[in-house]
Amino acid sequence: MTDHRGDWPRLVSEALEVSSFAVELSALSERELPSLIDFLADGTWLPFRYISVHAPSKGMSLPEPDLTRLLAELPAWIDAIVVHPDVIEDPENYVKLGRRLTIENMDRRKEDGCDAEQLRPYFEALPEAGLCFDIAHAASIDSTMSGGAEILDSFTSRLRHVHLSSLDGESHHVPLTRKDTDRFSPLLDRCRDVPWILEAPPPHA
Amino acid sequence: MREASASGALERLAERAGEEFSNLQAARNLAAADQPKLEKRLERLEHDPGSSVVLFGSWARRELTEHSDDDWLILVEGEPRDDVSPSIEEVTTILGRDERKPGEQEVFGIHAFCDDIAEKVGLDRDDNTNLTHRVLLMLESVPFTGHDAHRRCWERILDGYLKEVRRDERPPRFFLNDVVRYWRTICVDFVGKQREADEKWGIRNAKLRASRKVLFAGGLLPILQCFRFNRDGMREFLVDQLTAPATDRLAYAFLEWEVFDPGARFFDAYDRWIGLLNDEEIRTELKAVTPENADESAAFREVQRIGRDLERGLLALLFDTDLEPISRQYGIF
């Protein structure tokens with residue numbers, strides 16, 4: 001799907017081929033955000049039961065208060081707005097996102113927001129924020145998955161949705177491998193009630 | 001290991017999840033503190049033998065807030081008759097005063113007779129009011145006076161449902177159908193009221209998404225779980241379950257079927273709902289919500305979110321556990 005970045009109708013159409021249950025519209029680069037805002041504002045009906053927007057985490061140039069204002073103005077029917085903790089400069093700017101704010105645990109390339117202890121200050125500062133549990137990120141920090149279990153133990157009531165994929169050697173999201181399916185199963189079992197967002201095409205696609 | 005009893009299950013789940021569910025706990029504490037005061041006053045009223053003042057709704061679910069209605073009935077054993085003590089006027093001097101008036105005055109705040117409730121089941125004789133009395137009596141009622149009379153009527157209805165059970169290890173389908181019928185009836189009646197330009201659309205919609213859903217699920221889950229018992233065991237199980245608040249029954253099910261995390265999230269959502277109900281500004285905002293302006297209300301959006309969170313937890317419990325074959329087989333047809 002990375003080939004069609006910014007072509008929101010096409011991305012939605014491709015997502016629908018996988019499932020009409022949940023979708024995450026990712027404006028990972030800040031320059032993608034204006035077109036996503038326009039797309040969401042034009043009244044196109046999206047049939048998903050759960051719609052998440054991934055806030056920018058790259059190419060950031062807007063002052064944080066301006067960026068979070070744009071995010072807060074996303075249509076009310078957006079269920080979650082995923083934010084990487086390492087881009088948060090001042091948590092106060094994110095308070096206005098309310099319960100839609102969803103903080104994602106980070107992978108091994110990041111220095112913050114990777115485990116339960118590092119996530120805790122963000123949730124303390126933003127008590128309404130939810131958790132987006134990226135299970136592949138958790139595995140990259142602790143391959144035994146104890147670190148992932150600790151994240152769920154600590155913040156299970158906050159869990160809003162799961163990011164599901166495997167990671168390649170360069171920490172890129174790739175389809176779930178057989179080995180990871182087995183390794184992730186016990187933790188995914190604890191997340192069976194929340195939407196799972198596939199961050200790479202399913203193996204059969 | 002099988003969970004021992006429904007009573008106390010919410011506390012056990014909270015402990016397991018490391019959560020407090022502080023709004024729910026406060027609501028339970030308030031109900032426990034206020035009930036004896038009202039019981040004392042009601043007991044001073046003259047009571048005919050076989051009569052009982054029964055509370056429903058928040059009182060019975062142990063979800064009392066400062067803004068809860070007093071949904072009450074004078075339940076009377078035997079056939080319908082006039083001049084029953086206590087009278088409606090007498091009870092009205094104690095219950096439902098000021099803002100605590102019963103939510104649906106044509107259903108509550110009246111005498112109701114056990115013969116009607118237990119025997120007029122199905123067909124035209126079983127009108128909405130009778131159905132409501134019967135199902136609420138089973139699923140969320142608590143006697144403030146006349147405990148024995150309430151219990152006798154309650155067991156009579158339960159035994160009436162179980163009399164139709166022909167085989168062990170099957171959910172009691174007659175009881176199940178009556179509970180499902182009640183839930184679908186209140187959902188349909190919601191739209192009926194909406195068509196009559198309902199002034200309370202917002203708060204009714206919110207309650208349907210949260211409290212009423214919990215009431216329904218709190219009846220559905222115990223009934224479905226009966227597949228594990230013979231007829232005698234089924235009765236014992238249902239007595240244990242249905243004499244506990246609906247939230248305990250649901251916590252029991254989340255524990256019993258080992259879906260602890262979804263259970264924690266379910267009750268986190270329900271705890272938020274109780275918090276909203278206790279907030280006067282939020283209640284005022286919800287009362288002003290109409291189908292036309294619903295999207296503009298932050299409070300209503302939060303209620304929608306809570307409703308979805310509750311639904312996801314329940315669906316995981318019903319369809320992503322070993323309950324799934326029973327839910328599938330009995331939940332639709």
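Source: prediction; values computed, not measured. What you see below is based on every heavy atom in this structure, not just the backbone, and it leaves out hydrogens, waters and symmetry mates. Quick note on labels: first sequence line is chain A, next is B, and so on, each numbered from 1.
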With a cut-off of 6.0 Å (strictly less than), are more than 12 heavy atoms of other residues, nucleotides or ligands near [atom1] of [X]?
{"X": "B:Arg328", "atom1": "CZ", "answer": "no"}
{"X": "B:Glu324", "atom1": "CD", "answer": "yes"}
{"X": "A:Asp182", "atom1": "CG", "answer": "yes"}
{"X": "B:Glu169", "atom1": "CD", "answer": "yes"}
{"X": "A:Arg120", "atom1": "CZ", "answer": "yes"}

Under 4.5 Å from any heavy atom of chain A, what part of [X] do you find: side chain, backbone, both or neither?
{"X": "B:Glu296", "answer": "neither"}
{"X": "B:Asp261", "answer": "both"}
{"X": "B:Asp295", "answer": "backbone"}

Looking at [atom1] of [X] and [atom2] of [Y], how far apart are the two atoms once the value is rounded to the nearest 0.5 Å?
{"X": "B:Phe260", "Y": "A:Asp189", "atom1": "CZ", "atom2": "CG", "value": "10.5 Å"}
{"X": "A:Ser157", "Y": "B:Glu20", "atom1": "OG", "atom2": "CD", "value": "11.0 Å"}
{"X": "B:Arg312", "Y": "A:His161", "atom1": "CZ", "atom2": "NE2", "value": "10.5 Å"}

Nearest non-hydrogen partners of [X] and [Y], listed with the distance:
{"X": "B:Ala264", "Y": "A:Thr156", "value": "CB-CG2, 4.0 Å"}
{"X": "B:Arg301", "Y": "A:Ala76", "value": "CD-CB, 3.1 Å"}
{"X": "A:Arg192", "Y": "B:Glu258", "value": "NH2-O, 4.0 Å"}
{"X": "A:Asp79", "Y": "B:Arg308", "value": "OD1-NH2, 2.9 Å"}

Would you indicate whether the side-chain heavy atoms of B:Glu311 and A:Arg49 approach each other to under 4.5 Å?
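A:Arg49 reaches B:Glu311 side chain to side chain.
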